[in-house]
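Every chain is numbered from 1, with letters handed out A, B, ... down the list of sequences.
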There are 2 protein chains.
Amino acid sequence: MTVNTRKRKIIDASLQLFIEKGFHHTSIQDIIAHANISKGTFYNYFTSKNECFLAILEQLRYTAQLQRYELLANQNEQDLDVLIEQIIVPMKLHEEQNLITLFEGIFQSSDLELKKGLRQHRFHEIQWLTERFTNVFGEEIRPYAFECAVIFFGITHYLAMSWRSAYHLPADLHRLVQKGLEYVQALLPTMQKTNDVLLNADVLQLLQNKATKPVITKANVIEQLEGFAKQLDIKTSATGKELTAFLMEELMRDELRKHVIKATLQSYHAAFKSTSHESEAVELSYKIAFLLKN
Amino acid sequence: MTVNTRKRKIIDASLQLFIEKGFHHTSIQDIIAHANISKGTFYNYFTSKNECFLAILEQLRYTAQLQRYELLANQNEQDLDVLIEQIIVPMKLHEEQNLITLFEGIFQSSDLELKKGLRQHRFHEIQWLTERFTNVFGEEIRPYAFECAVIFFGITHYLAMSWRSAYHLPADLHRLVQKGLEYVQALLPTMQKTNDVLLNADVLQLLQNKATKPVITKANVIEQLEGFAKQLDIKTSATGKELTAFLMEELMRDELRKHVIKATLQSYHAAFKSTSHESEAVELSYKIAFLLKN
DNA sequence: CGAATTTTGGACTATGAGTATAAAATAGGT
DNA sequence: ACCTATTTTATACTCATAGTCCAAAATTCG
């Protein structure tokens, strides 16, 4: 079993446990028992439970971003309905997994690394929406887009929380997001008129400088694909194997045939659905999609 | 030392420690050492650190509400500036005390009691603002007031968080709250036009039913005043003693002389400023103010 | 003063994080 | 297939802390 696979096994196991029992109630003992590994191995890959949690976060981000990418494929990027669906993606993921409470606020952590990780997670989300808002509402609202994105998350988060408190049920995500967008749209004229926001371009700039982007290079991805190919065994579908080999070849060309690759990505992701390789396939698809955009 | 005083001593000590070292980093050992009590005593009053934290929360609520009451005294209740100052009160308290992180989100607690306590804390705050919004913007916006209050907190919380992430400094509370109000005011026309909100009166009703209000009766308060009077020692100012006796007498009358009492309350609070009796004096002032309103 | 209650101090249990390490298993190159 | 590296396992150990228990001392209060 390669190094990468083992790490992934830990991540998958702890995610499942966090969902079932909650973060605090899951001990490292539980995790190693569930992942069938020894304590030493755990501490080989993570220095603490928190670090393990951050890895999960990253995994979720890959999944969410990939799904968003797939949603936008061949759609009009100004379509509000697509935006709504895209926004909902991680909400659904989190909700299904009872992870909301874990990072719906800085969770009172002594651990600075963890705090930083959560902040960054939130920032990625806000930044993405900032970009999408300028897509949808036009380049002219760019100076206000960041403020709008922040406000949007504030509104929806608080509305959802109150709804939950009252009904003990998650809110209807569609309706929630629609309302949130409605409110943000109602605010835009005011912002344009007064031309004054709290979080101007400087703030965004500052935050962007702080956020360390993960490095995704072609060489990197090819390497990971190679490792991935080796793990594939008798149980893997022919489709999965064929596509993996194909993608490796394609990526090694000097000029990426973007449309060819794009067309296969969705099938690629689908080929590993519900297999033990799903999470790595998702990560790879996301990374390849990222390469195509740049 | 009376029962009440000891409990208060624990609360004061742990609050100070939580501020200095954070909630998780403060052990019960620390608390009992700092409060000069034994472990047995601690567990006599609280069954856990969480319960102790909830008591602190209550204490903060008393302080905040009393200050809000004092701010409104003899002012026009429709004055927006007064509202701003009132909103800021607990923000300042929390910020000064680094407690923000403690309950800016449900903090991923296994402890259901604690979760409930935090939810209730938030709800009290929202409910108060709902009421104030209808004061300020007129009875006609009542159907939207609750949604507005929730949105207001969502917006300001998220804006503040982003500001903090960027500058590592707390935002200017005045500016922040002003912006928040500006946005909410901009939303009101839309709400009135579409006449559709996510959190309607039903939700508020539901939440109200769930929130258990603390029972504050005249008899109750008089009793506490009596206990308080007994604790006062040689170090207590003459003013403090005299006012305590006076308030006791006044409360025992059949008809409360509201204006007389109201006029003394502020001095009462002031008389114990920076003394070891301050926190109980605040609690008493708050409770008396509450009686006057009802 | 004397009974009732509270407080103390310390011992004790239990849990869980994290370290350490020698022996076993496994990968990868030749 | 063999040898060497590295990884993994199993287990024992330390340390910190929550929470329980209890008998003796201190205190409150009638």
Any donor and acceptor pair, going by atom type alone, linking the side chain of Thr63(B) with main-chain N or O of Gln59(B) inside 3.5 Å? yes
Tell me every residue that passes salt bridge (Lys or Arg N to Asp or Glu O under 4.0 Å) with Lys287(B), counting only those two or more places apart in sequence or in another chain. Glu283(B)
Mind checking what makes salt bridge (Lys or Arg N to Asp or Glu O under 4.0 Å) contact with Glu250(B), not counting sequence neighbours? Arg257(B)
Round to the nearest Å and state the distance from [X] atom [atom1] to [N] atom [atom2].
X	N	atom1	atom2	value
Phe42(A)	dT19(C)	CZ	C1'	14 Å
Lys21(A)	dT15(C)	NZ	C1'	13 Å
Ile31(A)	dT15(C)	CD1	P	18 Å
Ile32(B)	dG10(C)	CD1	C1'	11 Å
Asn50(A)	dA17(C)	CG	P	11 Å

Pairs in or reaching into residues 27-36 of chain A: which pass side chain to side chain donor-acceptor pair (under 3.5 Å), with residues at least two apart or in two chains? Lys21(A)-Asp30(A), Ser27(A)-Asp30(A)
Any strand counts, and the cut-off is 3.5 Å on both contacts for Watson-Crick or G-U wobble. Which nucleotide pairs with dA23(D)? dT8(C)
Looking at dA27(C), which nucleotide sits across from it as a Watson-Crick or G-U wobble partner, both distances under 3.5 angstrom, or is there none? dT4(D)
Phosphate OP1/OP2 of dT6(C): any Tyr45(B) side-chain N/O under 4.0 Å: no
State which residues pass side chain to side chain contact (heavy atoms under 4.5 Å, CB included) with Thr41(B); sequence neighbours excluded, sorted by chain then number. Arg6(B), Ile37(B), Ser38(B), Tyr45(B)
List in chain and number order the residues that pass side chain to side chain contact (heavy atoms under 4.5 Å, CB included) with Glu226(A), two or more places apart in sequence or in another chain; answer none if no residue qualifies. Ile222(A), Met248(A)
Within 90° of 0 counts as syn, otherwise anti: where does dA4(C) fall? anti
For nucleotides 9-20 of chain D, 5' to 3', base contacts (B), sugar-phosphate-only contacts (S) and non-contacts (-) with protein non-hydrogen atoms under 4.0 Å give B--------SBB
